[in-house]
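Fair warning: this is a prediction, and the values are worked out from it, not measured in the lab. Values reported hereafter were calculated over all heavy atoms of this structure, with side chains retained and with hydrogens, waters and symmetry mates removed.
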Amino acid sequence: MQKGTPLLVGHHRRYNPLIQRAKDAIEDGLIGDIRAVHGTCWFYKPDQYFDEAPWRKRSGAGPISVNLVHDIDLLRYLCGEIVAVQAISAASARGFENEDVASALLEFGNGAVGSFTVSDSIVAPWSWEFTARENPKYAPTAEHCYKIGGSEGSLSLPDLRIWSHNDRQRDWWTPISATSLVRDASDPLVNQIRHFCDVIAGSAEPIVSGAEGVRTLQVIEAIQVSAQTRRRIEIPPFEATIARAFGDGISQNIRYF
């Protein structure tokens with residue numbers, strides 16, 4: 001930060017064209033004001049995954065930190081800052097030190113609320129890996145894993161379907177139908193590397209800066225603490241956290257962190 005060196009955090013999902021299309025749709029008001037969001041990240045990791053790297057069995061290496069961090073980054077990007085959380089978790093059914101299932105209630109600064117469950121011990125098709133078709137290693141499904149509800153309509157991801165009532169007649173007796181948004185397709189990992197090269201060359205600002213990465217980690221840490229204490233945890237503004245850690249007068253360089 002003091003050297004003015006840009007830092008890029010590897011949240012590659014933001015570089016998927018479908019996420020940018022979703023972001024544009026939300027900012028264009030296609031679903032109105034966001035009121036609620038629900039997300040699911042359920043899959044079953046085989047025993048071999050843990051045996052080949054024993055640290056994955058240790059406290060702190062459960063799906064909250066390893067997997068949910070990417071989902072929280074996307075929810076922040078699409079729906080706004082998360083200002084408070086309340087969470088619960090369950091001990092690993094395989095006897096590991098960490099959790100293998102957790103659920104979190106999310107409060108957003110814009111007044112929206114959210115819920116999210118994550119597990120690496122559930123056989124299910126509802127996770128980003130299975131639904132986004134980003135990585136051919138994962139067998140694709142035709143399901144979705146996020147639902148974003150707004151005052152004018154709702155959006156599901158990654159299938160990019162917007163649900164709204166006919167002629168915008170917002171009542172539960174009026175028929176409701178879905179429209180699938182058109183978007184480009186490209187590899188988000190390749191897109192991220194290209195962007196990183198532009199950042200190194202000084203021709204682009206980091207899309208996921210160090211500040212963005214820290215803010216997402218703040219939310220993850222709050223979820224972990226809440227799950228352990230069963231208390232609602234408020235998340236302080238990022239600038240206040242940085243000021244406490246590095247001193248005042250740092251705001252002008254925050255884009256590099």
Side-chain angles (χ1 to χ4, degrees), residues 1-31 34 37 39 41 65-82 108-110 116 118 127-138 140 144-146 148 155-160 162 180-221 235 237-239 241-242 245-246 250-257:
M1 190 186 302
Q2 294 175 345
K3 300 296 184 180
T5 302
L7 172 66
L8 187 70
V9 180
H11 283 297
H12 71 279
R13 296 180 188 177
R14 288 205 199 188
Y15 300 87
N16 193 318
L18 74 86
I19 291 300
Q20 191 54 57
R21 185 69 183 91
K23 179 75 168 177
D24 291 342
I26 291 170
E27 292 183 346
D28 289 343
L30 296 188
I31 65 171
I34 295 177
V37 58
C41 179
S65 295
V66 174
N67 303 107
L68 184 60
V69 64
H70 294 292
D71 299 291
I72 291 297
D73 178 73
L74 278 191
L75 294 190
R76 288 186 51 247
Y77 181 62
L78 294 173
C79 303
E81 290 296 349
I82 298 169
F108 292 83
N110 56 16
F116 208 104
V118 60
S127 69
W128 184 261
E129 285 75 13
F130 283 148
T131 60
R133 301 171 186 264
E134 282 185 346
N135 189 336
K137 181 183 295 186
Y138 299 101
H144 58 260
C145 59
Y146 302 153
I148 302 174
L155 171 65
S156 59
L157 291 171
D159 55 357
L160 281 173
I162 289 187
S180 296
L181 300 178
V182 178
R183 49 93 174 184
D184 296 329
S186 59
D187 189 328
L189 289 172
V190 173
N191 297 340
Q192 179 178 246
I193 290 298
R194 287 174 176 165
H195 173 67
F196 189 35
C197 291
D198 291 339
V199 170
I200 293 172
S203 60
E205 295 289 334
I207 290 177
V208 189
S209 66
E212 284 288 286
V214 169
R215 184 60 178 174
T216 294
L217 285 178
Q218 280 185 292
V219 179
I220 290 296
E221 182 181 33
I235 303 167
F238 174 75
E239 290 78 4
T241 302
I242 292 299
F246 297 98
I250 206 73
S251 59
Q252 65 270 22
N253 291 323
I254 207 162
R255 66 192 179 93
Y256 292 108
F257 181 70

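- Distance check, rounded to the nearest 0.5 Å: CD1 of Ile82 to CD1 of Ile72 gives 4.5 Å.
- How far OH of Tyr15 is from CG of Asp187: 13.0 Å, rounded to the nearest 0.5 Å.
- Taking the side-chain contact (heavy atoms from CB on, under 4.5 Å) definition, one finds that Ser180 meets it with Arg161, sequence neighbours left out.
- Applying the ring pair (Phe, Tyr, Trp, His ring centres under 6.0 Å) criterion to His70, with sequence neighbours excluded, gives His11.
- Between atom CG of residue Leu181 and atom CG of residue Asp24 there is a gap of 10.0 Å, rounded to the nearest 0.5 Å.
- Rounding to the nearest 0.5 angstrom, the gap separating the SG atom in Cys145 from the CG atom in Asp71 is 7.0 Å.
- Listed for the Arg21 side chain is a donor-acceptor partner under 3.5 Å among the backbone atoms of Val182.
- In this view, Tyr77 and Arg14, Ile19, Gln20, Lys23 satisfy the side-chain contact (heavy atoms from CB on, under 4.5 Å) rule, not counting sequence neighbours.
- Pairs engaging residues 190-204 under the side chain to side chain donor-acceptor pair (under 3.5 Å) rule: Ser186-Asn191 [sequence neighbours left out].
- Taking both residues in full, the closest heavy atoms of Ile34 and Cys79 are given as CD1-CA, 3.8 Å, listed atom of the first, atom of the second, then distance.
- Between Phe108 and Val37, the shortest heavy-atom distance links the atoms CE1-CG1, 3.6 Å.
- In Glu81, the CD atom is crowded: over 12 heavy atoms of neighbouring residues, nucleotides or ligands sit closer than 6.0 Å.
- Annotation: ring pair (Phe, Tyr, Trp, His ring centres under 6.0 Å) contacts of His144 (sequence neighbours excluded): none.
- In terms of heavy-atom proximity, Val9 sits nearest to Gly213 at CG2-CA, 4.1 Å.
- Every residue meeting the side-chain contact (heavy atoms from CB on, under 4.5 Å) condition with Ala132, not counting sequence neighbours, appears here in chain and number order: Trp128, Glu134, Pro158.
- Scanning both residues, Ile220 and Leu68, for their nearest heavy atoms gives CD1-C, 3.9 Å.
- Environment of CG in Asp184: sparse, with no more than 12 heavy atoms of neighbouring residues, nucleotides or ligands closer than 6.0 Å.
- Residues Thr131 and Tyr146 form no side-chain contact, since every pair of their non-hydrogen atoms from C-beta on lies 4.5 Å or further apart.
- Proximity of Arg13 to Asp73: side-chain heavy atoms (C-beta onward) are nowhere separated by under 4.5 Å.
- By the 4.5 Å heavy-atom criterion applied to side chains, Glu129 and Asn135 are not counted as neighbours.
- Within the model, atoms CD1 of Ile31 and CD1 of Ile148 stand 5.5 Å from one another, a figure rounded to the nearest 0.5 Å.
- From Leu157, atom CG reaches atom CG of Leu18 across 6.5 Å, with rounding to the nearest 0.5 Å.
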